[in-house]
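Single-structure report; data block below.
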Amino acid sequence: MSLTSLPHDALYRVLCFLSVREIICLRLVCKELRDLTFHTAIWHDAYKNAKLPRPIGPLDSQSREFLENTLVKSTQVGVKWNKQALTITSKATWFEPEWSALQGDHWEVVAGLWLVIPHISGPDILCYDLERGLRHVVYHADGAQILSFKSATSEAADGGCIMHAIVMESSRSSPFSHKLLSVRFSSDGPLLEFSMIIPDDIIGMGMSQLSAGKHLLCMSDHLTGTLNLAVDTRTRVLYRFPPPSSIIDPNFAVTCMEETYLKRLIATETHILAMFTPLTIVSQLDEGGNCRAIIQAFALPPAGITPTSPPTLQLTHEGHCYLDIERVSLLCDSMTNPVTGQTQIKFLTHCMRLNLTKYFAHRVTLSPPLPGEKLGNISLSTEQLFSVPGLC
């Protein structure tokens, strides 16, 4: 009796004991076995039983081609990892006092090539070139100590990377002061482009969130109802956010001060998006358990308007949606249609619910205001991408 004379159910059972490599090799035996290896059930079981790193699955929405290609790539990675010796590409000398200064999230990895470490309670911000093992001092606080450090990176117009950081310092003459730093990274290493002092009456004391776009930088304490500041990095002009207000929710100005909102900011090329999600108003939960959020868009004041000191951003759009957000990242920067005047922005969010981390892609459309209206409308379409067990 030959192998091909067995019933297909028996052959499926036999193939369940084969590795991914053996299933692929079976295609070279004969046409009948080759056709058998293209059956979805075989790759469904192989994916389920594989001991390889791979995305969550198998799912009904995942095709046979996806399951097979994923397992083949994972097998190739596993072979290289187990059989090839690790190569040391660079060597660096680390200094224990500097590593002891690493606290919480006071550090930044830029483009996977540079590690930026502020020396907390010291005067320096250090940068390590992870490819060449070089050490740089990108900033030195003369006569002061660095107390805290919050940073964000963005892509430069020439394809490089720029890191913006807000540093809180302490000295004998000033117990607390804030500076904005802009560091450009290129093949020549890091270069401090500018540093500027931020007045305390603008920044306040909150430094929990920083978002950087190509031209706009914004910072806030995401657990308060107030927004702190924005910076046009081209002109180095500081801007205030206007006081809380809303046309679609007249009580927002009051509740923003009395209730706790989870606030997330996204700096884009044309606007700053601010999402306010109430944490304590249970009556605003929808059927899926999500909070009703207010999304507002702010822009630089148009030319010709007499600026205040410091100038104030202009609220241009607002809208409602249901979002449950833990983290947010920009996917596609502002794209404005010259005919309709609509601006589209895409961003990624994830939230944690019932031991699952869910990832969503959102498309925001900013429409021009209708005749007689002061603010344009914000509409949002959402697509759930996937869920991952556990908390990320």
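Values below: all heavy atoms of this structure, side chains included; hydrogens, waters and symmetry mates excluded. One is the number of the first residue; the rest follow in order along the sequence.
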For residues [X] and [Y], is any side-chain donor paired with an opposing acceptor at under 3.5 Å?
X: Asp124; Y: His140; result: yes
X: Thr382; Y: His362; result: yes
X: Thr37; Y: Arg27; result: yes
X: Glu318; Y: Ser246; result: yes

Side chains of [X] and [Y] in contact at under 4.5 Å (non-hydrogen atoms):
X: Phe185; Y: Met163; result: yes
X: Cys218; Y: Phe241; result: yes
X: Ser334; Y: Leu366; result: no
X: Thr365; Y: Leu380; result: no
X: Leu348; Y: Leu385; result: yes
X: Val138; Y: Leu126; result: no
X: Leu238; Y: Ile198; result: yes
X: Gln296; Y: Phe298; result: yes

- Message: Run Met275 and Ile266 through side-chain contact (heavy atoms from CB on, under 4.5 Å) and show every step you take.
- Response: CA-CA 9 Å; Met275 286 160 280; Ile266 307 177; 3.6 Å; yes
Minimum-distance pair of heavy atoms, taken over all atoms of [X] and [Y]:
X: Phe38; Y: Arg34; answer: CD1-O, 3.1 Å
X: Leu300; Y: Gln314; answer: O-OE1, 4.4 Å
X: Leu315; Y: Ala297; answer: CD1-O, 3.5 Å
X: Glu193; Y: Arg236; answer: O-NH2, 4.3 Å
X: Ile162; Y: Ser182; answer: CG2-OG, 3.6 Å
X: Gly143; Y: Ser171; answer: O-CB, 3.4 Å

- Backbone of Gln145 reached by a side-chain donor or acceptor of Ser170 within 3.5 Å: no
Side-chain heavy atoms under 4.5 angstrom apart, residues restricted to Ile, Leu, Val, Met, Phe, Trp, Tyr: same cluster for [X] and [Y]?
X: Val29; Y: Leu18; result: yes
X: Leu191; Y: Trp114; result: no
X: Phe194; Y: Leu217; result: yes
X: Met335; Y: Val364; result: no

- Salt-bridge present (Asp129, Arg132; N to O < 4.0 Å):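 A salt bridge links Asp129 with Arg132.
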- Do NZ/NE/NH1/NH2 and the carboxylate oxygens of Asp35 and Lys31 come within less than 4.0 Å?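 Judged by the 4.0 Å cut-off on N to carboxylate O distance, Asp35 and Lys31 do form a salt bridge.
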- Message: Ile146 vs His119, test: side-chain contact (heavy atoms from CB on, under 4.5 Å). Steps then yes/no.
- Response: CA-CA 7 Å; Ile146 296 173; His119 195 172; 5.7 Å; no
Would you compute the distance between atom [atom1] of [X] and atom [atom2] of [Y] and round it to the nearest 0.5 angstrom?
X: Ser174; Y: Ile197; atom1: OG; atom2: CD1; answer: 8.5 Å
X: Gln342; Y: Ser379; atom1: CD; atom2: OG; answer: 7.0 Å
X: Glu383; Y: Lys346; atom1: CD; atom2: NZ; answer: 10.0 Å
X: Ile272; Y: Leu313; atom1: CD1; atom2: CG; answer: 5.5 Å
X: Arg135; Y: Cys127; atom1: CZ; atom2: SG; answer: 10.5 Å
X: Phe66; Y: Tyr47; atom1: CZ; atom2: OH; answer: 4.5 Å

- Query: Who are the ring-ring contact (aromatic ring centres under 6.0 Å, His included) partners of His271, not counting sequence neighbours?
  - Reply: His317
- Message: For the aromatic rings, using the six-membered ring if either is Trp, is the centroid distance between Phe252 and Phe276 under 6.0 Å?
- Response: yes
- Would you indicate whether Arg64, at its atom CZ, is surrounded by more than 12 heavy atoms from other residues, nucleotides or ligands within a distance under 6.0 Å? yes
- Determine, stepwise, if the pair Leu181 / Val167 fulfils side-chain contact (heavy atoms from CB on, under 4.5 Å). CA-CA 8 Å; Leu181 312 179; Val167 179; 3.7 Å; yes
- Item | Contacts of Thr153 that satisfy side-chain hydrogen bond (donor to acceptor under 3.5 Å, both in side chains) - sequence neighbours left out |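 Listed in chain order: nothing, the list is empty.
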- Message: Holding to side-chain hydrogen bond (donor to acceptor under 3.5 Å, both in side chains), I want the full list of residues that pass it with Ser19, two or more places apart in sequence or in another chain.
- Response: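 side-chain hydrogen bond (donor to acceptor under 3.5 Å, both in side chains) check on Ser19 returns Glu22.
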- Query: Would Leu147 and Phe176 count as a side-chain contact (heavy atoms from CB on, under 4.5 Å) if you check the C-alpha gap in whole Å, the side-chain angles of each, and the deciding distance to 0.1 Å?
  - Reply: CA-CA 9 Å; Leu147 299 181; Phe176 300 104; 3.8 Å; yes
